[in-house]
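Whatever order the structure lists ligands and atoms in, that order sets their numbers, starting from 1.
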Amino acid sequence: MARLLKGAPAAKALTERLIPQVEELKARGVVPTLAILRAGERPGDVAYENAAVKRCGKAGVAARRVTLPADCTRREILDAVDRINRDPAVHGCLLLRPLPDRETEQAVAALLDPRKDVDGMTAASLAGVFAGSGAGFPPCTAQACLEILDYYGIPLEGQRAAVIGRSLVIGKPAAMLLQARNATVTMCHTKTVDLPAVCRNAGLIVAAAGRAELVTGEFLSPGQVVLDVGVNEGPGGELLGDVKLSEAEGIVSAVTPVPGGVGAVTTAVLCAHVVRAARLLSEGAEA
Ligand code: NAP
């Protein structure tokens, strides 16, 4: 049976590493503070927001909820971002996305102060990820993939990795972060020919397609490590990953569960970014 790579221990270890850093900041009068900007009441957004607030509490990070109605205007969202930009007591901004209107999301990415962009949505953050410079903040979920691999001691150098998905939120940055650690990465998408064969030949699979149980036994081979980033609603409203866990468990050597895998680490990465943003802002440095 495959080893289940649970996210909770990795999240706990990362959170514990943050506590002394938060204490040091507080001793200097700086309370690391995250603003979470949400438009509407989508259950997935509310659940993620609640998980983020809970994780912030464990790390000693302050969290402020900024909630707008689902039918709010682009101007109202941008005004909220502007207030966050100008508030010296706020060090990080998490916009719950996707917004129904992609143009508004792009406008937020253009307006948000990159030094407060703790979920890697601005061009400056993405440039840092793509240049491999370490500047800016990678999107939290993409970095959570690396965090969970490191926690479980899974080597990346020389690893053949298949990343399913090429969004700017997960697929592309995850591929870049893996490449920066000397994995050899194939980025897969809907036009990839014979996706099962590409995946079977990889040592590491990152499934971030947003298609429930896309990755079945024919995608898998013995010895693989599989990260399941997908969060999908099953026919009965249940939560399903992109990987068919019941088939993966009997084939691969390790797999992350859904829920309780990569998603559980994402909020700890978010806190780590807020703490770093607070330190850099308080020192007047660039992200
Ligand atoms: P997205 O923007 O819809 O992108 C999906 C990507 O997957 C696209 O690049 C698409 O290819 C590719 N794809 C879709 N179906 C495919 C298929 N059958 N075969 C191969 N490639 C396929 O989604 P996203 O925002 O990246 O999110 C992906 C998943 O992660 C979702 O389930 C989302 O809910 C989940 N998620 C999880 C967390 C977490 O913390 N765990 C956080 C955020 C999101 P094309 O480019 O060709 O269209």
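Every atom of ligand 1 is numbered from 1 in the order shown, and the set under 4.0 Å from a heavy atom of His189 is 11 (O), 20 (C), 21 (N), 47 (O). For ligand 1, the atoms closer than 4.0 angstrom to any heavy atom of Asn232 are 32 (O). Counting the atoms of ligand 1 from 1 in the order shown, those under 4.0 Å from a heavy atom of Gly263 are 40 (O), 41 (N). Short contacts between ligand 1 and Leu195, defined as distances under 4.0 Å to a heavy atom of the residue, involve ligand atoms 19 (N), 20 (C). Applying the 4.0 Å criterion to heavy atoms of Ile164 picks out, from ligand 1, the atoms 20 (C), 21 (N).
Residue contact annotation: Gly171 has no non-hydrogen atom under 4.0 Å from ligand 1. Under the 4.0 angstrom criterion for non-hydrogen atoms, Thr192 is not in contact with ligand 1.
Note on Arg97 versus Asp119: salt bridge recorded, some NZ/NE/NH1/NH2 to OD/OE distance being below 4.0 Å. A salt bridge between Arg74 and Glu103 is present, with a side-chain N of the basic residue lying under 4.0 Å from a carboxylate O of the acidic one. A salt bridge does not link Asp79 to Arg83: none of the charged side-chain nitrogens sits closer than 4.0 Å to a carboxylate oxygen. Remark: Glu157 does not engage Arg181 in a salt bridge, criterion side-chain N to carboxylate O under 4.0 Å. Of the charged side-chain nitrogens involved, at least one lies within less than 4.0 Å of a carboxylate oxygen, so that Arg64 and Asp87 count as a salt-bridged pair. The pair Asp113-Arg86 does not meet the salt-bridge criterion, since no charged nitrogen lies less than 4.0 angstrom from a carboxylate oxygen.
Scanning the protein for heavy atoms near atom 12 (C) of ligand 1, the closest one is Gly165 CA, 3.9 Å. Nearest protein heavy-atom contact of atom 5 (C) of ligand 1 is Ala209 O, 3.5 Å. For atom 28 (C) of ligand 1, the closest non-hydrogen atom on the protein side is Ala208 O, 3.5 Å. Residue, atom and distance of the protein heavy atom nearest to atom 31 (C) of ligand 1 are Gly210 CA, 3.5 Å. Among protein heavy atoms, the minimum distance from atom 37 (C) of ligand 1 is reached at Val229 O, 3.1 Å. The nearest heavy-atom contact from the protein to atom 47 (O) of ligand 1 is Thr190 OG1, 2.5 Å. The nearest heavy-atom contact from the protein to atom 9 (O) of ligand 1 is Arg166 N, 2.8 Å. At the shortest separation from atom 17 (C) of ligand 1 among protein heavy atoms lies Leu214 CD2, 4.0 Å.
With a 4.0 Å heavy-atom cut-off, ligand 1 is reached by the side chain of Arg211 but not by its N, CA, C or O.
Contact annotation for atom 3 (O) of ligand 1: protein absent (non-hydrogen atoms, distance under 4.0 Å). Using a 4.0 Å threshold on non-hydrogen atoms, atom 23 (O) of ligand 1 does not count as touching the protein.
Nearest-heavy-atom check against atom 44 (C) of ligand 1 across Val269, Ile170, Thr141 picks out Ile170. Among Ser167, Pro173, Ala264, the residue whose heavy atom lies nearest to atom 26 (O) of ligand 1 is Ser167.
In summary, of the residues considered (Val206, Asp242, Leu195), a side chain to side chain contact (heavy atoms under 4.5 Å, CB included) with Ile164 occurs for Leu195 alone.
Arg160 is not listed as a side-chain neighbour of Gln224, based on a closest heavy-atom distance of 4.5 Å or more.
Closest approach of Thr267 and Tyr48 over heavy atoms only: CG2-CE1, 3.5 Å. Residues Gly120 and Ser125 approach most closely at CA-CB, 3.7 Å, considering heavy atoms.
Judged purely by distance below 3.5 Å, without hydrogens or angles, the side chains of Asn50 and Arg55 never pair a donor atom with an acceptor atom.
The number of heavy atoms from other shown groups lying within 6.0 Å of NZ (Lys26) is above 12.
At least one N or O atom of Val231 sits closer than 3.5 Å to an N or O atom of ligand 1. Inclusion of Thr266 in the set of residues having an N or O under 3.5 Å from an N or O of ligand 1 is warranted.
With a 6.0 Å cutoff to the six-membered ring centre and a 45° limit on the axis angle, Arg200 does not count as a cation-pi contact of Phe219.
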